[in-house]
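Everything on this sheet refers to the single structure shown next.
We name chains A, B, ... by the order of the sequence lines, and we start the count at 1 in each one.
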Amino acid sequence: MREGLLITLFMISLTSLCDTINQLFLKSAIDSMKFGGKFNFIRIFKFIFQLLIKPRVWLSFVFSVISLCIWLLVLSRADLNFAFSADSMHYIFIALASRFILKEKFSHLRWLGTGLIVMGIVFVSLN
Amino acid sequence: MFKKKVTLKILLLLFASDILETAIHFFFKKGALAQDGLSVVDLTSAVFFLKAIFSSPFLWAGLFTVAAVFIIWSTILSKIDLSVAVPIASFSYILVPVVSVIFLHEQISVLRWTGILFILTGVVLVSLSSKERVEQNK
């Protein structure tokens with residue numbers, strides 16, 4: 001039982017990590033396009049099309065599929081409450097990756113907010 | 001050139017992508033449950049398990065929703081930082097308990113209310129942290 005829990009936890013870390021890599025590739029592809037201005041249907045369609053030509057986006061798909069497969073395995077074996085509370089580490093991964101790889105600027109406010117969300121998710125999920 | 005302010009429109013898009021994301025979880029959970037009899041112990045059974053799952057209609061409904069979420073999510077990311085978008089999207093964790101109170105009249109424990117309060121505060125703080133600055137990179 002203990003061992004099963006550890007494996008589940010490891011799998012959840014892995015799925016979070018893969019999803020973080022997926023988001024990194026996607027965000028860096030989008031940033032390289034400098035799509036600004038207003039939303040409208042045609043512009044979004046063009047934007048998505050240009051995005052889909054980028055190899056980085058397909059890399060992001062690969063990681064997203066890996067993440068999904070692991071997540072399906074987790075769901076098939078773990079308690080949902082536990083799975084979702086452990087998945088809150090995802091927010092820590094995203095914050096660190098955004099800060100150190102994408103070089104997004106973090107104020108204290110953003111760190112504090114992210115920390116509160118992580119704690120909140122653990123509280124909500126553990127029942 | 002990039003205005004990184006979190007506008008109402010972006011919040012609505014995040015809300016939509018969150019609801020669809022929940023739908024994805026529902027579809028995939030349904031698809032996975034349909035294969036309840038199988039246990040995954042090694043690589044061969046894992047492959048067999050995934051094969052069985054990919055023949056489920058729920059999975060395909062899920063994948064269709066994934067495509068919709070991808071379009072919405074990319075649009076959001078073109079407007080704001082990743083470290084803002086992801087935390088704000090966390091309010092789906094509030095959505096489920098709140099919906100179960102309103103429609104299912106479920107009791108919510110003090111711990112859970114505390115968690116909801118934490119998430120809400122966190123989301124507000126992160127949104128504010130994005131409002132602080134308007135970047136000028138061309």
Problem set entry | Passing candidate, side-chain hydrogen bond (donor to acceptor under 3.5 Å, both in side chains) with B/Asp81, options A/Lys105, A/Arg110, A/Lys27 | A/Arg110
Problem set entry | Largest heavy-atom contact set with chain B, pairs under 4.5 Å, which of A/Leu68, A/Leu102, A/Val118 | A/Leu68
Exercise. Do you know which of A/Leu73, A/Ile66, A/Val65 makes side-chain contact (heavy atoms from CB on, under 4.5 Å) with A/Cys69?
Worked result: A/Val65
Exercise. Closest heavy-atom contact between B/Leu77 and B/Ala85?
Worked result: CD2-CB, 3.9 Å
Seminar exercise, completed: What one should report as the nearest heavy-atom pair of A/Ala95 and A/Phe106 is O-CZ, 3.6 Å
Exercise. Regarding A/Ser16 and A/Asp87, is there a side-chain donor-to-acceptor distance under 3.5 Å anywhere?
Worked result: yes
Exercise. Looking only at side chains, do B/Ser83 and A/Arg99 share a donor and an acceptor under 3.5 Å apart?
Worked result: no
Give, as side chain, backbone, both or neither, the part of [X] having an atom under 4.5 angstrom from any heavy atom of chain B.
X       : result
A/Trp71 : side chain
A/Ile44 : side chain
A/Phe93 : neither
A/Leu52 : side chain

Problem set entry | Contact origin within B/Leu13 toward chain A - heavy atom pairs under 4.5 Å | side chain
Exercise. Contact part of B/Trp73 toward chain A, heavy-atom cut-off under 4.5 Å: side chain, backbone, both or neither?
Worked result: side chain
